[in-house]
Structure formats: C-alpha cells, structure tokens
Protein chains: 2
Amino acid sequence: MRLLVARCRVDYEGRLSAHLPSAVRLVMIKADGCVAVHADGGAYKPLNWMNAPNTLTESDAGLVVTNPQGETLHITLEEVVDDRTVELGEDPGLHKDGVEAHLQELLAAHPDALGDGLELVRREHPTDIGPVDLLCRDAEGAAVAVEIKRRGEIAGVEQLVRYLERLERDPLLTPVRGVLAAQRIKPQARVLAAERGIDCVEVDYDALRGRASDELRLF
Amino acid sequence: MRLLVARCRVDYEGRLSAHLPSAVRLVMIKADGCVAVHADGGAYKPLNWMNAPNTLTESDAGLVVTNPQGETLHITLEEVVDDRTVELGEDPGLHKDGVEAHLQELLAAHPDALGDGLELVRREHPTDIGPVDLLCRDAEGAAVAVEIKRRGEIAGVEQLVRYLERLERDPLLTPVRGVLAAQRIKPQARVLAAERGIDCVEVDYDALRGRASDELRLF
DNA sequence: GTGTATATCTCGGGG
DNA sequence: CCCCGAGGTATACAC
C-alpha cells in the first residue's frame, strides 16, 4: 500500500463529473491498484476514487487512472508532502455475526416465534420476482409468507406485498397471510403493513439465539 | 490525519458483531476523530470503522473507540510498523455534475423527450408524502406524473405508485398517468411498471445535453 | 430529531 | 457476465 500525502487537484470523468480544487490530501493506492483520495474528515468515504481493475500511469505532473469502462481519474500533484509504501500482505478477512441471514436461520428453526403453531414449509420459496424468505403454515393449515429484515421499513412491506400478489395466484396456497419479522419495525412501516393487512412481529435476536443454544445443550 | 500501520486485531460490537484476526493493516484516524481500518485491497470501503462523533482512548494495548450509541471498536495493536501524523487542513470540497438533479433539469426543459406533445406543468409538485419530480400534461390535456432516476429499479416504480395514489385523489388531476424516466431501466422494474400501468422511458443524457447546448447556440 | 431519497454507493450471491 | 438484495450502508435534505 502506498500512502501519498500531497497538495493536489483531482478530476473524475465517468458516470458523472467531479472536481476537487487544490488542497493537501491523502492518496491511498492499494495493492490491487485501487486509488482513493481522502480529506481529513467525512467518515470513511473518499472524496474521489477509482476501483480495481484499472491502469495507473504516473508522471511528474501526477497520476492518471483509467478503468476498462473508460472512466478516468486525474490527480495533478502540486507538492508532495510525504510518500511511502508499506507491505501489508494478504488479509484473512472479516467475520460477521448478526446479519439478516442469521435471523433467517434462527426463525426457520423456531417459526413459532412468529406466531403460535406456525410450522415451516420451506425457506427461500421461489416466485418469479424472487424468493420469499420463509413459507409457513399456521395451526389451521393456512399459508403464511414471512419477510425477514433486521430493520423493518417501508421497502420491506412493499417487497412482501409483491410476493403475496404472486403467491395468491397459486390455488394450492391461496389465501396467503403475510408477516413482516424484524428486530425493530419503524412506525411508518407498521402503518403501511396495517393498510396492506400484513402482521408485524418484532423478534428478539438474543432470546432466539438463547433458545437455539438451550436446545443444543439438551443433546 | 494519523496513519498508523500495524499488526492488529479488530473487534466491532454494535449493530452487529465483526471480528478481524491478526494481520498488518492501515489504521486511518482523521481530524474529526473517525477511524477506518484498511486492508491492501477491496475498493475504498474499510474492513472496519467508526464514524465521528466518537471518543477514542489509547493505551499500550491499542485503541478503543466508542460512539454515543454504545457501539465499540477495539483495535488491539500487536506490532506498530509505522505511525505518522500529517496536517491536511480544511478541504474546499467536491463539485459534482451529472447526477439526478441535472437529468431533472434537462427533462424539465425538454418534456417532449418523455412523450410526444408532453408539456411541463411544474417541477417538484408536492404531495403529502413528498414531491413528484415532474408533473406534465399530454397532448390531450391529461395529467402525467414523471419519476426521474439515473437507474430505474423497483424502488422507483414503487415510489411513483405511491405518488400516483395521492395524485389520483385530486379531482383536478385524475386520471393521472405515470412515467418512469431513467438512463437505464432494469428488467424487473419494467415488469413491475407494466403491471402497475406505468410507462418506461430510457433517456439519453448526452443527447439531451446536446439539445440543450444546441439551443443555447441559437441565441 | 425522524423520515425520505440518492449514491461513481460497495459487496456478495445466484443464475 | 449481469441481476438482485443487503448494508454497521453513508449522505443530504425536508419536515
């Protein structure tokens, strides 16, 4: 990784045009060739960048980065403050826990957390516009489609409505009830869900995980 | 800005849990206090980060960053390879051209690009859930609501459907036709738009800009 | 502050 | 390869 601190101007031409007037900034060039120009603030997003794969040419004037789509990033160097290269090596990568996939696993194992007597029919039940997270049957044998989100927002309700439209057309399933399950559901999503006849269930991730490990302990 | 290159382990606890095993990485600490941990590849997104505002405490063991929401980032330092601080100063900021706002300007000036005989009534026509990008009348005097996107996706169709629901309630407007205008429209968005009776128009940004500059040249 | 819409989104998965 | 969905999305802006 090369860390170049310099007074520079930057111009990007591609999906849009973007220009940075002269200032001192950090130019980070990674081993895979990707380039990012950072100011001393503004979260982790760079002011300007070019992802790999690209071709980088350097001259006294500065850097020109071009990618296969014909986008260009021109970095005009006016004064180099610091320029060093460090060896980082391969990164073993990030391990995440607590994303939607885990919530889906837990709810597939414990569908009754979504309603008494609910039983799983299948996960990722396919429709022609994408898979429904969980398809269940309730105690009366009626079909229940479940959309799972970490955070329940309007988009999640609309997604479930689209699935329900499709599922209702299946004579083996109809009528189909809809359930939006999330760790937190926003008030506006609740309002829209109510209008569309969809039930909302807030799920306690830690409690579910606790149930899962309790059961493991029994065996 | 402080650029710390070190063998480290990183643990984030907050909206999810994320862990990085030991490796050499760049820890970037900006003047506003935000922290980003970068590997030597993978575009501009850091492996782990903590945005400002936060509190940063440092010891021999490493860094602990905490934000007001109670999220924590632990960076355990095992071996410091390099550690330097550079002065960057205030950044004059980025100037952009070619985003959705510009497409809206161009289409407001040339509504007939969306359909023969279309005329603009107003931009950003207000409804109680937000403004419609363009409200037009067609050659027969019927109302047309236009939603403009750089890329037409399902969310854009849903957005337009919500606006149409509201506009239809206005006796001076109803019936209202919907048009989704974008530089590119994805297949799934087309399918949903067709079901909802919404027209799709792909717009050539460069051609529109050419028309605009042609007209300037006439005067 | 919440809510809404955008983004050169990035990133990963599936066909 | 493209399409699609998720994200600790981040960011700007209106209310």
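Quick caveat, the model's predicted, so the values are computed rather than measured. In what follows, chains carry the letters A, B, and so on, assigned in the order in which the sequence lines appear, proteins first and then strands, with residues in each chain numbered from 1.
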A.B. asks: Which one, dC9(C), dA5(C), dA10(D), comes nearest to the side chain of W49(B)?
C.D. replies: dA10(D)
A.B. asks: Over how many whole Å does the gap from N51(A) atom CG to dA7(C) atom P extend?
C.D. replies: 17 Å
A.B. asks: Which pair of non-hydrogen atoms, one from L114(A) and one from V201(A), has the smallest distance, and what is that distance?
C.D. replies: O-CG2, 3.8 Å
A.B. asks: Using heavy atoms and a sub-4.0 Å distance, could you list which residues of residues 11-31 of chain B are near DNA chain D? By number, please.
C.D. replies: Y12(B), R15(B), L16(B)
A.B. asks: Specify whether H19(A) and H95(B) have parallel, tilted or perpendicular ring planes, treating 30° as the upper limit for parallel and 60° as the lower limit for perpendicular.
C.D. replies: parallel
A.B. asks: Please tell me which of the listed nucleotides, dC9(C), dA10(D), dT8(C), lies nearest to the side chain of K96(B)?
C.D. replies: dT8(C)
A.B. asks: Can you identify which nucleotide, out of dT8(C), dG8(D), dC3(D), has its nearest atom closest to the K45(A) side chain?
C.D. replies: dT8(C)
A.B. asks: I'd like to know whether CD of E202(B) has more than 12 heavy-atom contacts from other residues, nucleotides or ligands below 6.0 angstrom.
C.D. replies: yes
A.B. asks: Are K45(A) and H38(A) close enough that a side-chain donor and a side-chain acceptor fall under 3.5 Å?
C.D. replies: no
A.B. asks: Choose from dG8(D), dT10(C), dT6(C) the nucleotide whose nearest atom is closest to any side-chain atom of A43(B).
C.D. replies: dT10(C)
A.B. asks: Does E165(A) come within less than 4.0 Å of R196(B), counting only side-chain N to carboxylate O?
C.D. replies: yes
A.B. asks: Please tell me which of the listed nucleotides, dC9(C), dG8(D), dT6(C), lies nearest to the side chain of N48(B)?
C.D. replies: dG8(D)
A.B. asks: Work out how far the P atom of dT11(D) is from that of dC11(C), and round it to whole angstrom.
C.D. replies: 15 Å
A.B. asks: Where the side chain of E147(A) is concerned, which of dA6(D), dG8(D), dA5(C) is the nearest nucleotide?
C.D. replies: dA6(D)
A.B. asks: Counting side-chain heavy atoms from CB outward, which of dA10(D), dC9(C), dG8(D) is closest to Y44(A)?
C.D. replies: dA10(D)
A.B. asks: In whole Å, what separates the C1' atom of dG7(D) from that of dT6(C)?
C.D. replies: 15 Å
A.B. asks: Under 4.0 Å between any heavy atoms, over every strand shown, what does Q159(A) touch: base, sugar-phosphate, or nothing? Just pick one.
C.D. replies: sugar-phosphate
A.B. asks: Is M50(A) touching bases, backbone alone, or none of the nucleic acid, heavy atoms closer than 4.0 Å?
C.D. replies: nothing
A.B. asks: So, T174(A) and R169(A): side-chain donor and acceptor under 3.5 Å apart, yes or no?
C.D. replies: no
A.B. asks: Choosing from dG7(D), dT6(C), dG3(C), which nucleotide comes nearest the side chain of K149(B)?
C.D. replies: dT6(C)
A.B. asks: Salt bridge check, R166(A) against E195(B): does any charged N sit closer than 4.0 Å to a carboxylate O?
C.D. replies: yes
